[in-house]
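Right, I'll just put the structure down here and ask away after.
Quick note: numbers below take in every heavy atom, side chains included, and nothing from hydrogens, waters or symmetry partners.
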Protein chains: 2
Amino acid sequence: MLKQESAIKLENQLCFAVYACSREMTRLYRPILSKYNLTYPQYLVLIVLWEKGECTVKDLGEDLYLDSGTLTPLLKRMQEAGLVVRTRSQLDERQVIIGLTEQGKEMQHKLSEIPSMIASRCDLQESEFHSLLNKFQDLLKRTSE
Amino acid sequence: MLKQESAIKLENQLCFAVYACSREMTRLYRPILSKYNLTYPQYLVLIVLWEKGECTVKDLGEDLYLDSGTLTPLLKRMQEAGLVVRTRSQLDERQVIIGLTEQGKEMQHKLSEIPSMIASRCDLQESEFHSLLNKFQDLLKRTSE
DNA sequence: ACAAATTAAATTTTACACAATTAAATTTTA
DNA sequence: TAAAATTTAATTGTGTAAAATTTAATTTGT
């Protein structure tokens, strides 16, 4: 392991870099997403739903590492905006199924320009992309057990 | 640049990984910091102040990538907890100088065990640490111009 | 079958995070 | 040097985050 003092600096720098990176990333998305009245977490919900069709609040929470205290009000706002529908499951009435409206589905190709806009903004090549993604996914695995 | 479809997936995965990583990181700190009644951003404020002695709200904001809307209430809470003092500069009364109390200074060695606890929790070796840090700092530079 | 345990979502509370606005003080410039 | 521009914090409003509690429904063990 590292010596005590250099460990303190390095470790703080690493955790801070991740923290600041995350906020800079969402700051990058904000002006683009605000044209569609979306926030970054709401955009992530759409991405999951485009992939899965529909799922429960719990499923969404597991995919996005978010709990119901965050998701419930967020999903209600998305319902008010006409993007999703929230219906209680017939089979298990504790579950709330989140599905896309037509408008929510249409967003998929309206928003298809976004990834390339962000990628060019970061000036990342394919190889760097993969390398970064591996690093982050590895760290994510380590930190979330 | 990447083909449109694979770009969408990759890019979403990268941004999502950054976002989830950041929350998992602070989740790692939370149980440790809560023993000292600190949050992760408050801990970062202490780290900056231990290094700098004292500085303005603006300085803190530049170091931490946070604005006054976040820092003002956060610093007021830290003042109430007896960790910092907020005094308006005599030279330029627009500026508020943030300094450490004795209690705030004492926290430095009380909290010195934290970095190694986190490092071992992530199971990172020194070389990995440096590699990760480089990647993230590079990405941070790209995204924040 | 039915009480106990578990599960799922909602609610409540506290604390960031940030855009936009406001207010006050300092600098610049005509 | 006085008006205009800039700078610095504070305030306001909206939207996450997440722990803790509550409520309701399902599952399990006897």
Do B/Glu62 and B/Lys58 meet the salt-bridge criterion of a basic N to acidic O distance under 4.0 Å? yes
Report yes if a side-chain nitrogen or oxygen of B/Gln95 is closer than 4.0 Å to either non-bridging phosphate oxygen (OP1 or OP2) of C/dA24; otherwise report no. no
What is the separation between atom CD on B/Glu62 and atom P on C/dC18, rounded to the nearest whole Å? 15 Å
How do B/Tyr40 and A/Thr72 order along DNA chain C: which one's closest nucleotide is nearer the 5' end? A/Thr72
Would you mind reading off the distance between B/Lys76 atom NZ and C/dT14 atom C1', rounded to a whole angstrom? 17 Å
Polar side-chain contact A/Ser68-C/dA10 base: donor and acceptor under 3.5 Å: yes
Which part of the nucleic acid, if any, lies within contact of A/Thr26, taking any heavy atom under 4.0 Å across all strands shown: a base, the sugar-phosphate backbone alone, or nothing? nothing
Do the ring planes of A/Trp50 and A/Tyr43 sit parallel (below 30°), tilted (30 to 60°) or perpendicular (above 60°)? perpendicular
Rounded to whole angstrom units, what separation is found between the CG atom of B/Asp67 and the P atom of C/dC16? 13 Å
Counting side-chain heavy atoms from C-beta on, which of D/dA24, D/dA10, C/dA10 comes nearest to A/Arg94? D/dA24
Among C/dC16, D/dA9, C/dA9, the one nearest B/Val57 by side-chain distance: D/dA9
Here the distance between atom P of C/dA17 and atom CG of B/Leu75, to the nearest Å, is 12 Å
A/Thr39 has its side chain closest, among C/dA25, C/dA19, D/dG15, to D/dG15
Below 30° counts as parallel, above 60° as perpendicular, anything between as tilted: where do the rings of A/Phe16 and B/Tyr65 land? tilted
For atom CZ of A/Arg23 and atom C1' of C/dA15, their distance in whole Å: 14 Å
Which whole-number value in Å describes the distance from B/Glu93 CD to C/dT27 P? 12 Å
Taking only N and O in the side chain of A/Tyr19, is any of them less than 4.0 Å away from OP1 or OP2 of C/dA17? yes
Residue B/Arg30, side-chain atoms from C-beta onward, closest of D/dT8, C/dA8, D/dA19: D/dA19
For a quick check of understanding: with a heavy-atom distance under 4.0 Å over all strands, which category does B/Asp92 fall into, base, sugar-phosphate or nothing? sugar-phosphate
Measure the spacing between CD of A/Gln42 and CG of A/Leu46 and express it to the nearest 0.5 Å. 8.0 Å
Would you kindly give the CG-to-P distance between B/Leu44 and C/dA17, to the nearest whole Å? 9 Å
Checking A/Arg23 against A/Tyr19: charged group under 6.0 Å from the ring centre and within 45 degrees of the axis? yes
Could you check which nucleotide pairs with D/dA20 in any of the strands shown, counting Watson-Crick or G-U wobble with both distances under 3.5 Å? C/dT11
Quick one: label A/Arg77 by what it contacts on the DNA or RNA (base, sugar-phosphate, nothing), any heavy atom closer than 4.0 Å. base
Could you pick out which residue, B/Arg88 or A/Thr70, lies toward the 5' side of DNA chain D when each is mapped onto its nearest nucleotide? B/Arg88
Strand partner of C/dA4, provided both Watson-Crick or wobble distances fall under 3.5 Å: D/dT27
In terms of side-chain geometry, is the basic nitrogen of B/Glu24 or B/Arg27 positioned less than 4.0 Å from the acidic oxygen of its partner? yes
Rounded to whole angstrom units, what separation is found between the CG atom of B/Leu71 and the C1' atom of C/dC18? 11 Å
Once you apply a heavy-atom cut-off of 4.0 Å, does A/Leu91 come out as touching a base, just sugar-phosphate, or nothing? sugar-phosphate
Residue B/Arg27, side-chain atoms from C-beta onward, closest of C/dA9, D/dA18, D/dT16: D/dA18
Using a heavy-atom cut-off of 4.0 Å across all strands, would you classify B/Leu38 as base, sugar-phosphate, or nothing? nothing
